[in-house]
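Count residues from 1 along the sequence.
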Amino acid sequence: MWSQDLNLSDDELQRLGREHFRDQFNYLQQFSPHELEFRSERYRRRGGECGLDHRDYQEAADEHILEEEEDPYWWRGDPETLCFDLLSTSEENLTHGAPTTMQWWDVELLAESAHFVALTKPAGMFVVTDERGLWEESATNFIHVAHRRVEMPTRFEPRQRGICHRLDSHTSGVQIFGKSFDDFKYFVGQNSSHRVQKEYIALLEGRLGGEDGPFTGVIDVPMKKWQDFVRREFGSVTCTKESQGRTAVTWYSVLRHWRVPAVGRLAFWGQDRWFTLVQLRILTGRTHQIRLHMAFLGHPLVGDIKYNASRYEHDCAVVPRIFLHCLRMEFQDVDGETFTAASELAPDLQMVLCELQRLSEGHDEEERKGELFPGLAKILQRSKAPVAKPSAQEDESIRHFCKNCGEYEVAERRQIHDRRADERRAMYWRMRPQEGEVEGPSDGRGKSWGPQMLWVPTELQN
């Protein structure tokens with residue numbers, strides 16, 4: 001023992017060790033301040049992406065709870081794999097294992113293990129992890145309501161109260177709680193390593209993929225969270241500058257198309273409208289990621305007052321709220337078993353699909369048939385998925401000036417073929433910093449997709 005060789009007590013040896021560490025830190029700070037600032041900023045950035053502050057993130061990295069990769073998004077360089085090999089749930093199993101539900105306004109238990117609890121979050125409840133959000137006793141505070149409805153060991157845990165991720169206030173579906181802070185950190189590690197499979201369902205404006213397809217694709221468009229407390233404007237914008245925009249990747253697959261005629265009570269639309277039901281998997285979890293990415297495609301979510309404001313009044317005739325629901329979450333549990341939580345489509349959104357089906361078939365209101373809330377699987381059985389046909393879409397690019405960072409960017413869309421089966425096609429959409437001159441319009445004029453389709457904060461409108 002060193003303490004015996006040096007005639008030092010254990011406490012004195014521990015004190016010397018702390019002083020030695022502090023001396024090393026001061027020495028490095030003196031001669032390499034930029035490297036330390038870089039590491040500290042990386043911890044803050046990566047921690048923010050995972051839902052941890054920089055100290056908890058560094059602690060989790062030191063304990064090897066999560067992987068500290070030099071480039072955690074290395075897989076972005078292989079769009080073919082993202083488009084064709086990414087795991088997703090088949091249509092017939094989207095709600096497999098989900099408990100039947102007849103209400104959409106209260107919390108319900110979905111699944112539970114020794115380390116995690118999965119609940120349904122109703123639309124209209126907010127999930128905030130600041131001091132007020134954690135402890136406010138309000139009927140609209142999901143964390144408070146969840147702990148009142150379901151007994152969980154983290155009810156009085158001071159840092160997170162178990163909540164592992166956050167859904168937007170108007171989004172419904174699966175929410176995961178850890179049963180301890182260590183379980184929360186474990187989930188963060190799985191999530192930051194992109195091992196949590198998160199699948200959503202959404203209803204979009206228009207006919208995504210058109211008549212011939214492709215009907216699947218990947219969007220790789222970096223995003224920056226926007227907060228203007230003076231104007232009370234909150235949301236996200238696109239930005240490819242590395243120090244500002246964060247990686248955001250979404251996979252999608254079209255499930256159904258419906259054409260609804262502008263007749264009867266919908267005559268005020270002035271023309272028929274197409275709607276697209278899509279299954280989505282997010283590989284990152286940015287604020288409003290699905291909403292912004294779908295708007296980037298030119299097919300914003302129905303009922304989205306921020307990213308589809310021009311259609312909001314028309315949307316209110318067919319949807320009670322933004323149509324976005326988290327259907328499934330799946331990841332490896334602490335004990336090595338697979339933890340799966342599935343949520344049936346919220347009944348208010350089930351009614352929307354039933355109504356779109358009825359309207360698209362031209363049935364009268366008196367002809368409504370079937371169960372009140374039949375479930376997503378039965379609703380999909382009543383119609384057919386679109387079938388892709390061999391066709392070529394020209395690659396397109398848009399030169400765009402980013403008002404957030406003041407630099408030019410390029411938005412691109414191109415069709416990708418699966419080299420193993422050429423008939424399989426997908427669309428790949430991305431934004432990148434401009435490198436040299438790019439042919440094409442400078443502002444996206446005449447294009448029905450791209451950054452010019454997105455919400456612009458007031459501060460950036462000048």
Output all residues satisfying salt bridge (charged side-chain N to carboxylate O under 4.0 Å, His left out) with [X], sequence neighbours left out; order by chain, then residue number.
X	value
Arg232	none
Glu409	none
Glu337	none
Glu396	Arg413, Lys447

Value rounded to 0.5 Å, distance of [atom1] in [X] from [atom2] in [Y]:
X	Y	atom1	atom2	value
Lys403	Cys239	NZ	SG	14.0 Å
Gln190	Cys164	CD	SG	11.0 Å
Arg382	Ser360	CZ	OG	11.5 Å
Leu301	His170	CG	NE2	13.0 Å
Thr238	Trp226	OG1	CH2	11.5 Å
Asp183	Phe116	CG	CZ	5.0 Å

[X] versus [Y], closest heavy-atom pair with distance:
X	Y	value
Thr247	Arg286	O-NE, 2.7 Å
Ile176	His165	N-NE2, 2.9 Å
Arg328	Asn93	NH1-O, 3.2 Å
Ser88	Gln197	CA-NE2, 3.7 Å
Val352	Pro320	CG2-CD, 3.5 Å
Lys225	Thr287	CD-OG1, 3.6 Å

Checklist entry - Going through the distances and angles, do Asp395 and Gln415 end up as a side-chain hydrogen bond (donor to acceptor under 3.5 Å, both in side chains)? => result CA-CA 7 Å; Asp395 296 347; Gln415 187 170 271; over 6 Å; no
Checklist entry - What residues, two or more places apart in sequence or in another chain, satisfy side chain to side chain donor-acceptor pair (under 3.5 Å) together with His299? => result none
Do [X] and [Y] have side-chain N/O donor and acceptor atoms under 3.5 Å apart?
X	Y	value
Arg399	Gln434	yes
His325	Ser343	yes
Lys198	Asn191	yes
Thr250	Gln289	yes
Gln357	Trp258	yes
Thr140	Ser138	yes
His115	Tyr186	no
Thr81	Asp78	yes
Arg161	Thr129	no

Under 6.0 Å from the [atom1] atom of [X], do we count more than 12 heavy atoms belonging to anything else shown?
X	atom1	result
Arg231	CZ	yes
Glu92	CD	yes
Glu313	CD	no

Is a side-chain donor or acceptor of [X] paired with a backbone partner of [Y] at a separation under 3.5 angstrom?
X	Y	answer
Thr120	Glu108	yes
Gln381	Lys378	no
Thr276	Leu208	yes
Gln350	Gly375	yes
Asp315	Val302	no

Please examine the side chains of [Y] and [X], heavy atoms only from C-beta on, and report whether any two atoms are closer than 4.5 Å.
X	Y	answer
Trp449	Ile398	yes
Val249	Ile219	no
Leu266	Leu359	yes
Thr240	Cys402	no
Val174	Cys326	yes
Trp269	Val260	yes
Leu376	Glu344	yes
Gln175	Val107	no

Would [X] and [Y] pass as an ion pair if we require N to O under 4.0 Å?
X	Y	value
Arg425	Asp212	no
Asp304	Arg311	no
Glu199	Arg281	no
Arg424	Asp418	yes
Arg256	Glu91	yes
Lys179	Glu112	yes

Item to check | Validation row, ring centre Phe187 to ring centre Phe331 under 6.0 Å | outcome: yes
Checklist entry - In terms of the angle between their ring planes, are His257 and Trp274 parallel, tilted or perpendicular, with boundaries placed at 30° and 60°? => result perpendicular
Item to check | Geometric class of the His147/Phe177 ring pair [parallel <30°, tilted 30-60°, perpendicular >60°] | outcome: perpendicular
Checklist entry - Do Val237 and Met223 pass the side-chain contact (heavy atoms from CB on, under 4.5 Å) test, and can you show the C-alpha distance, the side-chain angles, and the key distance before you say yes or no? => result CA-CA 6 Å; Val237 297; Met223 298 168 53; over 6 Å; no
Item to check | Residue pair Arg273, His314: steps toward the side-chain contact (heavy atoms from CB on, under 4.5 Å) verdict | outcome: CA-CA 10 Å; Arg273 293 180 64 186; His314 289 188; 3.3 Å; yes
Checklist entry - Is there any ring pair (Phe, Tyr, Trp, His ring centres under 6.0 Å) pair reaching into residues 231-255, and which pairs are they, with sequence neighbours excluded? => result Phe229-Phe234
Checklist entry - Can you tell which of Arg420, Arg419, His417 makes a side chain to side chain donor-acceptor pair (under 3.5 Å) with Glu80? => result Arg419
